[in-house]
Amino acid sequence: MRIARFSIDGNVAFGAVEGDSPDSLVLDIIKGIPYSDFELSGTKVPLKKVRLLPPVLPNKVVAIGRNYAEHAAELGNDVPDVPVAFFKPTTSVIGSGDAIEYPSFSEELHHEAELAVVIGRMCREVPRERVKDVIFGYTCANDVTARDAQRRESQWARAKGFDTSCPLGPWVETDVDPGNLAIQATVNGEQRQLGRTGDMIRSVEDLVVHITEAMTLLPGDVILTGTPAGVGPLNVGDEVAVTIEGIGTLTNKVIKRG
């Protein structure tokens, strides 16, 4: 099931996305929130008449760096012995169709297409065999990075945590196997990244186990699982799209920060 979060006439709701053709997609409005048992209301609205919002409002986004060997190599880095984790704040999160604002402190903005894991229940110290039980679903993410700031600063808080640096969407897919999905990024229609989640050094299960050894994850929290090779520059006016097999396409335009 595809679960979207959207606004219409000033109201915010969750809905199940129905249909196959982009022009005929509709949202069946959900009663309540989707992390627990829920009912579909039967009230349906065309997707093209709503504004898609970030599919979740995470308490925290835990991101993993250098989880694809070819990406680590293209930036001159070794594969780390343990996962490299960092945070992106909630103020960095935007939805599909929202604008990425080019930060004033950077002259080298990069796209990073990623599979995002959405947590469905509060969890801590999750054993490997229970990982699937705590996952709500998966969505597309773009770990937008001020690469020059990342090189200058030993901590990545500014380089990867600036406002609008975490596009998520367009919705959460609850019924997909993340083991070997095609993942790509295009800029103005030109393919930049193309990989498969099966090339991750550490799997979704590895990452959930590792992260929850240290912290409690809450419903709606997001884990970014790393990016394949092919990262590259974004300029003002560019349109960047992240597409993941079985999930959908996340699209954002880059604008000058006002």
Side-chain angles (χ1 to χ4, degrees), residues 1-62 87-101 114-123 134-144 161-176 217-224 239-244 246-255 257-258:
M1 180 178 286
R2 293 168 292 179
I3 305 293
R5 182 171 161 269
F6 65 95
S7 66
I8 184 170
D9 298 330
N11 298 309
V12 175
F14 288 94
V17 182
E18 300 178 351
D20 298 313
S21 170
D23 293 331
S24 63
L25 294 178
V26 297
L27 290 160
D28 192 337
I29 297 175
I30 289 172
K31 295 180 180 179
I33 59 174
Y35 303 120
S36 57
D37 293 337
F38 64 86
E39 295 181 4
L40 298 177
S41 68
T43 301
K44 300 184 180 183
V45 293
L47 185 67
K48 60 186 177 183
K49 290 190 176 182
V50 309
R51 178 192 171 199
L52 284 177
L53 302 173
V56 291
L57 283 179
N59 175 271
K60 53 188 169 293
V61 177
V62 187
F87 292 107
K88 293 175 83 80
T90 57
T91 48
S92 70
V93 175
I94 58 174
S96 189
D98 292 337
I100 298 167
E101 297 181 357
E114 308 207 6
L115 174 72
V117 182
V118 180
I119 299 300
R121 63 178 65 180
M122 186 171 68
C123 58
V134 306
I135 293 175
F136 175 60
Y138 301 88
T139 192
C140 306
N142 192 346
D143 177 20
V144 185
F162 60 89
D163 291 354
T164 75
S165 66
C166 189
L168 298 174
W171 42 64
V172 177
E173 174 57 69
T174 64
D175 187 22
V176 66
L217 296 178
L218 303 175
D221 280 352
V222 170
I223 298 171
L224 305 188
E239 184 175 84
V240 56
V242 175
T243 301
I244 301 180
I247 298 175
T249 298
L250 165 70
T251 305
N252 302 92
K253 192 168 184 177
V254 183
I255 67 171
R257 190 170 189 174

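Everything numeric here is computed off the predicted structure, so don't read it as measured data.
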Residue pair [X] / [Y]: nearest heavy atoms and the distance that separates them:
{"X": "Val134", "Y": "Cys123", "value": "CG1-CB, 3.8 Å"}
{"X": "Ile255", "Y": "Ala99", "value": "CD1-CB, 3.7 Å"}
{"X": "Leu250", "Y": "Asn142", "value": "CD2-N, 3.9 Å"}
{"X": "Ser96", "Y": "Asn252", "value": "CA-ND2, 4.2 Å"}
{"X": "Pro54", "Y": "Gly95", "value": "CG-N, 3.5 Å"}
{"X": "Pro55", "Y": "Val172", "value": "CB-CG2, 3.7 Å"}

To the nearest 0.5 Å, how far apart are [atom1] in [X] and [atom2] in [Y]?
{"X": "Ile30", "Y": "Thr43", "atom1": "CD1", "atom2": "OG1", "value": "12.5 Å"}
{"X": "Asp9", "Y": "Lys49", "atom1": "CG", "atom2": "NZ", "value": "10.0 Å"}
{"X": "Ile29", "Y": "Ile8", "atom1": "CD1", "atom2": "CD1", "value": "7.0 Å"}

Pairwise side chain to side chain donor-acceptor pair (under 3.5 Å) hits with a residue in residues 15-42, at least two apart: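 Counting only pairs at least two positions apart or across chains, the side chain to side chain donor-acceptor pair (under 3.5 Å) contacts touching residues 15-42 are Glu18-Lys44.
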I'd like a table of donor-acceptor pairs (distance under 3.5 Å, sequence neighbours excluded) in which one partner is a side-chain atom from residues 161-168, with atom names and distances.
residue	atom	partner	partner atom	Å
Thr164	OG1	Glu101	N	2.9
Ser165	OG	Lys88	NZ	3.4
Ser165	OG	Lys160	O	3.0
Ser165	OG	Phe162	O	2.7

Could I get the full list of side chain to side chain donor-acceptor pair (under 3.5 Å) partners for Thr251, not counting sequence neighbours? none
According to side chain to side chain donor-acceptor pair (under 3.5 Å), who are the partners of Thr90, at least two apart in sequence or on a separate chain? none
Is there a donor-acceptor pair closer than 3.5 Å between any side-chain N or O of Arg5 and the backbone N or O of Val56?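 Side chain of Arg5 to backbone of Val56, a donor-acceptor pair under 3.5 Å: no, none is there.
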I'd like to know if the side chain of Thr174 reaches the main chain of Met1, judged simply by a donor and an acceptor atom lying under 3.5 Å from each other, with no hydrogens or angles considered.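 Yes, because the side chain of Thr174 sits within donor-acceptor range (under 3.5 Å) of the backbone of Met1.
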Restricting to side chain to side chain contact (heavy atoms under 4.5 Å, CB included), what partner residues turn up for Val176, sequence neighbours left out?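 By the side chain to side chain contact (heavy atoms under 4.5 Å, CB included) rule, Val176 matches Tyr138, Glu173, Leu181, Ile247.
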Can you list the residues that meet the salt bridge (charged side-chain N to carboxylate O under 4.0 Å, His left out) rule with Arg51, with sequence neighbours excluded?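 For Arg51, the residues satisfying salt bridge (charged side-chain N to carboxylate O under 4.0 Å, His left out) (neighbours in sequence not counted) are Asp98.
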Is Val93 close to Pro58 at the side-chain level, that is, under 4.5 Å between some pair of heavy atoms?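 A side-chain contact exists here, since the closest heavy-atom pair is under 4.5 Å.
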pair Leu47-Trp171: side-chain heavy atoms closer than 4.5 Å: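 The answer is yes; the side chains approach within 4.5 Å.
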Walk me through whether Phe87 and Val61 qualify under side chain to side chain contact (heavy atoms under 4.5 Å, CB included). CA-CA 6 Å; Phe87 292 107; Val61 177; over 6 Å; no
Filter on ring pair (Phe, Tyr, Trp, His ring centres under 6.0 Å), then keep only pairs touching residues 5-29, sequence neighbours left out; what's left?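 Residue pairs passing ring pair (Phe, Tyr, Trp, His ring centres under 6.0 Å), neighbours aside: none found.
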Could you list the donor-acceptor pairs under 3.5 angstrom formed by side chains in residues 217-224, with sequence neighbours left out?
residue	atom	partner	partner atom	Å
Asp221	OD1	Asn59	N	3.0
Asp221	OD1	Lys60	N	3.1
Asp221	OD2	Lys60	NZ	2.8
Asp221	OD2	Leu218	N	2.8

